[in-house]
Amino acid sequence: MTPPTPAPPARRRSAGPAARAVASASAALGRLRRGRLLHPAGRSFSAEVTMWGTPGPPTGVALLDDPGRYAATVRLSRGTPTPDGWPDVLGLAVRVHLDAGRPFDLLVSSSGAAPVLRNLPLPRRDFTGTYSTIMGYRTARRRLWLAALADPEAVDLGRGLAALAAAARTDAPRLVLAVASAVGPWHPVGQVTIGAQLAAREDAALAFDPVRNLPPGLRAAGPLAWLREQTYRGSRRARGAATQSGGSTAATV
């Protein structure tokens with residue numbers, strides 16, 4: 001079988017004046033907040049990612065297409081400093097620790113499951129629900145979206161960070177990983193199993209890069225990817241985050 005053609009590298013526009021302006025503004029806001037600019041309140045956990053493989057035509061990304069099991073780190077968070085339990089854009093960050101090279105940082109936000117709604121961040125109270133990447137990705141074969149979906153057979157994640165922590169203490173919450181085209185249904189490809197909660201200092205040090213920390217064959221696409229790259233770069237600068245926690249050494253946000 002002929003191996004798939006690698007996806008072309010993403011265009012680098014990070015050195016221009018617009019990029020510097022966005023990164024500088026993000027850094028200034030991060031210093032005012034004295035912490036994370038994006039999703040400041042959250043809980044982090046050890047985790048395991050199990051990939052079942054892509055049903056139907058492969059995506060061309062080995063991590064998605066081939067069965068495997070990986071150590072991971074998960075962070076669930078609130079998008080803004082609103083009181084716990086209020087409607088907010090909730091976030092889920094999954095770092096898949098790969099054997100070599102950069103990890104895979106999957107960042108998804110609370111959204112709808114339908115094709116139009118998967119592109120929009122939607123506020124909600126409950127941590128159980130649909131999370132999508134909002135921005136699309138490109139492979140050598142097609143454009144796709146990634147998501148974490150509620151597992152109907154798993155424990156409810158609850159409403160609020162305290163309830164989330166309690167669910168992780170008493171059970172092993174799970175989320176289903178899925179891929180989709182712009183208008184097609186979600187296709188499950190694996191699951192995330194959440195383990196023990198990490199200490200507060202580990203949560204504070206943990207940082208993600210959703211644009212650069214991608215597996216071979218997958219790249220972020222569209223102007224939103226560029227904006228996220230600069231915003232996260234500024235947030236990283238304000239926090240002084242230069243190395244990744246969780247045993248990885250790639251660049252962080």
Side-chain angles (χ1 to χ4, degrees), residues 4-8 10 47-70 72 74-76 79 89-96 98 103-124 126-154 157 173-194 208-229:
T5 304
E48 182 178 75
V49 167
T50 303
M51 301 304 297
W52 306 323
T54 307
T59 65
V61 181
L63 180 65
L64 303 177
D65 294 337
D66 300 335
R69 183 173 293 178
Y70 307 89
V74 164
R75 185 173 193 267
L76 286 133
V89 175
L90 306 178
L92 168 68
V94 181
R95 169 165 293 158
V96 183
L98 305 178
F104 173 28
D105 284 350
L106 173 64
L107 272 63
V108 288
S109 300
S110 54
S111 68
V116 174
L117 296 180
R118 72 183 52 152
N119 298 313
L120 300 173
L122 298 178
R124 67 167 182 254
D126 296 329
F127 277 98
T128 298
T130 298
Y131 298 83
S132 80
T133 49
I134 307 300
M135 68 176 185
Y137 292 89
R138 284 204 177 276
T139 71
R141 300 179 178 180
R142 56 177 171 162
R143 187 165 184 171
L144 54 82
W145 276 256
L146 305 178
L149 311 176
D151 185 336
E153 299 182 355
L157 292 175
R174 296 189 307 273
L175 295 159
V176 175
L177 298 176
V179 301
S181 64
V183 296
W186 292 111
H187 298 286
V189 296
Q191 72 178 17
V192 180
T193 303
I194 298 175
F208 299 88
D209 191 325
V211 176
R212 293 189 178 186
N213 289 343
L214 297 176
L218 188 69
R219 66 182 178 89
L224 182 57
W226 175 87
L227 179 61
R228 292 185 84 183
E229 181 178 5

For residues 113-123, run the donor-acceptor check on the side chains, cut-off 3.5 Å, and write out each pair with its distance to 0.1 Å, sequence neighbours left out.
from: R118; atom 1: NH1; to: S181; atom 2: O; distance (Å): 2.8
from: R118; atom 1: NH1; to: G184; atom 2: O; distance (Å): 2.9
from: R118; atom 1: NH2; to: A113; atom 2: O; distance (Å): 3.2
from: R118; atom 1: NH2; to: G184; atom 2: O; distance (Å): 2.9
from: N119; atom 1: OD1; to: W145; atom 2: NE1; distance (Å): 3.0
from: N119; atom 1: ND2; to: P115; atom 2: O; distance (Å): 3.4

Problem - Residue among L175, D126, L90 satisfying side chain to side chain contact (heavy atoms under 4.5 Å, CB included) with L157 - result: L175
Problem - Side-chain touch V96/L106, heavy atoms, less than 4.5 angstrom - result: no
Fill in the blank from the handout: The reported gap from CD in E153 to CD in Q191 (rounded to nearest 0.5 angstrom) is 10.0 Å
Completion exercise
For A93, the side chain to side chain contact (heavy atoms under 4.5 Å, CB included) test, sequence neighbours excluded, returns R75, L107, F208
Completion exercise
What one should report as the nearest heavy-atom pair of P152 and A150 is CD-O, 3.5 Å
Practice task
Taking side chain to side chain donor-acceptor pair (under 3.5 Å) as the test, write out the residues that go with S132, two or more places apart.
Solution key: S111
Problem - Nearest non-hydrogen partners of D105 and R95, listed with the distance - result: OD1-NE, 2.8 Å
Handout entry: Inter-residue atom distance L76.CG - L92.CG, 0.5 Å rounding
Key = 5.0 Å
Problem - Minimum-distance pair of heavy atoms, taken over all atoms of V211 and A220 - result: CG1-CB, 4.4 Å
Quiz: residues 55-69 side-chain donor-acceptor pairs under 3.5 angstrom, not counting sequence neighbours:
from: T59; atom 1: OG1; to: V61; atom 2: N; distance (Å): 3.1
from: T59; atom 1: OG1; to: D65; atom 2: OD1; distance (Å): 2.9
from: T59; atom 1: OG1; to: D65; atom 2: OD2; distance (Å): 3.4
from: D65; atom 1: OD1; to: T54; atom 2: OG1; distance (Å): 2.7
from: D65; atom 1: OD1; to: T59; atom 2: N; distance (Å): 2.9
from: D65; atom 1: OD2; to: T59; atom 2: N; distance (Å): 3.2
from: D65; atom 1: OD2; to: G60; atom 2: N; distance (Å): 2.8
from: D65; atom 1: OD2; to: V61; atom 2: N; distance (Å): 3.2

Exercise for the section: Check for a donor-acceptor pair, side chain of T139 on one end and backbone N or O of R142 on the other, with a separation under 3.5 Å. Expected result: yes
Exercise for the section: Check side chain to side chain donor-acceptor pair (under 3.5 Å) between W186 and all other residues, then give those that pass, not counting sequence neighbours. Expected result: none
Problem - Euclidean distance, F104 CZ relative to N213 CG, rounded to 0.5 Å - result: 10.0 Å
Completion exercise
Applying side chain to side chain contact (heavy atoms under 4.5 Å, CB included) to P188 and not counting sequence neighbours gives W52, V176
Exercise for the section: Would you give the length of the straight line joining atom CG of L177 to atom OG1 of T50, rounded to the nearest 0.5 angstrom? Expected result: 9.0 Å
Problem - Closest contact, heavy atoms only, R138 versus A221 - result: CG-CB, 3.6 Å
Handout entry: I194/R174 under side chain to side chain contact (heavy atoms under 4.5 Å, CB included): CA gap, chis, key distance, verdict
Key = CA-CA 6 Å; I194 298 175; R174 296 189 307 273; over 6 Å; no
Fill in the blank from the handout: So CG of L144 and OH of Y137: to nearest 0.5 Å the spacing works out to 9.0 Å
Problem - Between CG on residue D209 and CG on residue L214, distance to nearest 0.5 Å - result: 8.0 Å
